[in-house]
Amino acid sequence: MLRRKSLAIGLRALHSATSVSAKHPKPLHIPVLLEEVLENLNLNDQSMVLDLTFGAGGHSEEVLKRYSKSHVFALDRDEQAFSLAKEMSAKYSQRLTPMLGKFSELHELLQAAGLSYGEINAAIIDPGCSSMQFDEPGRGFSLAYDGPLDMRMDGNRNTNQPTAADVVNHLSEEEIDMILLKYGDERLSKKIARSIVENRPIHTTKALAEAVGNAFSYRSHMIGTDAIGRRRHAATKTFMALRIFVNDEINELHSGITTVGRYLSDKGRLAIITFHPNEDRLVKQALNVKDFVKLPTCENSETKTLGRNAIWTNLHKGVILPCKAEIQNNTRARSAKLRVAVKNMTTDASVKS
Ligand SMILES: C[S@@+](CC[C@H](N)C(=O)[O-])C[C@H]1O[C@@H](n2cnc3c(N)ncnc32)[C@H](O)[C@@H]1O
């Protein structure tokens with residue numbers, strides 16, 4: 001692991017860490033590892049930047065402010081984030097192109113925006129939920145508030161997408177166990193899955209937290225500690241696992257990295273922040289992949305190598321972590337890890353836009 005960045009960098013980040021919109025005077029989300037991301041992207045005044053996780057636009061806005069003729073293509077699957085991106089676009093003379101969609105829809109959105117492979121100089125992926133999503137009880141992401149057990153980042157955009165309530169009320173005990181184990185690294189997945197099934201139907205975040213709590217023999221539902229020593233609720237990992245499952249976050253991330261690999265220019269850079277071991281494992285593997293492959297489909301069971309178009313070089317040996325000052329100011333930064341990779345074109349590129 002890289003040594004922690006100096007306090008000075010953290011303090012600079014604190015001062016610029018204010019994703020404020022004209023209509024929302026309070027910061028909606030504090031961008032994580034802002035200075036570290038920007039100083040690793042090798043940007044200039046002409047840079048074309050792809051922000052795959054616009055959120056409240058903290059990273060995007062800093063690019064627009066610092067690089068006078070830069071252009072940001074800003075993606076988010078959440079309609080509220082998309083509205084904020086439209087506000088920001090107006091504020092910066094259309095130097096930002098807002099795009100509403102998921103990582104798996106990015107290729108089509110970039111094509112519609114008139115981009116071809118190799119035209120982007122730098123990309124940022126800061127996945128998971130924004131504070132706006134966590135702090136809105138109606139979205140059902142947080143244990144801290146009672147609300148409907150929803151957790152869909154897309155909201156009602158895709159009415160076929162199951163909510164977290166659909167998952168806990170309709171999947172089998174074994175399937176719930178698997179989700180908790182795989183996406184939450186939850187050691188007590190079996191016990192919790194059983195308790196969830198016994199407490200059905202579950203329609204609210206509070207009811208889910210109670211169902212999980214019932215799986216434990218302790219009177220208090222606060223167990224263990226998090227990365228900064230705070231007591232953790234017994235249902236923390238369950239909430240995370242369900243959110244990852246509902247939003248198909250791991251496959252989405254894989255898809256995002258693959259598409260970025262195609263649209264980055266030679267020596268273009270990708271900064272990815274991860275927040276939990278599942279994400280970090282995937283990112284580590286994806287950045288070591290040398291070939292573009294077409295995975296088997298229902299129609300064709302072959303795995304086909306499309307070409308050796310992009311090869312990532314990791315810029316640092318390990319990960320960059322937030323400094324203490326940043327974590328003190330923004331506890332959501334506590335589990336963040338930043339990886340930065342450079343794309344190298346090879347001469348036998350065979351994948352065309
Ligand atoms: C941690 S926030 C990003 C915060 C942002 N960097 C900032 O400084 O304001 C993550 C955002 O990514 C979005 N997101 C997560 N997964 C996504 C996906 N697969 N496709 C598109 N957007 C996604 C979420 O909706 C959320 O708004």
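All ligand and atom numbering here is 1-based and tracks the order in the structure. In this chain, numbering begins with 1 at the start of the sequence shown.
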Asp185 and His276: CA distance, side-chain angles, deciding distance, side chain to side chain donor-acceptor pair (under 3.5 Å) verdict
CA-CA 10 Å; Asp185 289 325; His276 54 81; over 6 Å; no
What pairs of residues pass the ring pair (Phe, Tyr, Trp, His ring centres under 6.0 Å) test when at least one of them lies in residues 61-95, not counting sequence neighbours?
His71-Phe73
When you compare ligand 1 with Phe103, is there at least one nitrogen or oxygen pair between them that comes in under 3.5 angstrom?
yes
Has Asn158 got a side-chain atom pairing as donor or acceptor with Asn160's backbone, closer than 3.5 angstrom?
yes
What part of Ser104 sits under 4.0 Å from ligand 1 if we count only heavy atoms: the side chain, the backbone, both or neither?
neither
So if I count the atoms of ligand 1 from 1 in the order they appear, which ones are less than 4.0 Å from some heavy atom of Thr53?
3 (C), 4 (C), 5 (C), 6 (N), 11 (C), 12 (O)
Could you check whether Asp177 and Ser189, counting side-chain N and O atoms only, form a donor-acceptor pair closer than 3.5 Å?
yes
Would you please name every residue forming a side chain to side chain donor-acceptor pair (under 3.5 Å) with Ser83, sequence neighbours left out?
none
Only heavy atoms of Gly101, strictly under 4.0 Å: list the atoms of ligand 1 that pass.
20 (N), 21 (C)
Supply the atom-to-atom distance Glu119 CD to Leu264 CG, rounded to the nearest 0.5 angstrom.
12.0 Å
Of all the atoms in ligand 1, which lie at a distance below 4.0 Å from a heavy atom belonging to Phe54?
5 (C), 7 (C), 9 (O)
Heavy-atom contacts under 4.0 Å between Glu252 and ligand 1: side chain, backbone, both, or neither?
side chain
Which is closest to atom 9 (O) of ligand 1 by heavy-atom distance: Ser60, Pro31, Ala56?
Ala56
Between the side chains of Asp78 and Gln133, does any donor sit under 3.5 Å from an acceptor?
yes
Within reach of ligand 1, part of Pro127 (heavy-atom separation under 4.0 Å):
backbone
Counting heavy atoms under 4.0 Å, the part of Gln133 that contacts ligand 1 is side chain
Will you find, in the side chains of Ser195 and Asn199, an N or O donor that is under 3.5 Å from an N or O acceptor?
yes
Atom indices of ligand 1 within 4.0 angstrom of Asp126 heavy atoms, with elements
1 (C), 2 (S), 3 (C), 4 (C), 5 (C), 6 (N), 10 (C)
Ser142 OG to Arg243 CZ distance, which is reported to the nearest 0.5 Å
11.0 Å
Between Asp78, Ile30, Asp51, Asp76, flag the one that comes closest to atom 24 (C) of ligand 1 by a heavy atom.
Asp76
Backbone, side chain, both or neither: what part of Arg77 comes under 4.0 angstrom of ligand 1, heavy atoms only?
both
Counting each atom of ligand 1 from 1 as listed, which ones have a heavy atom of Ser130 under 4.0 Å away?
2 (S)
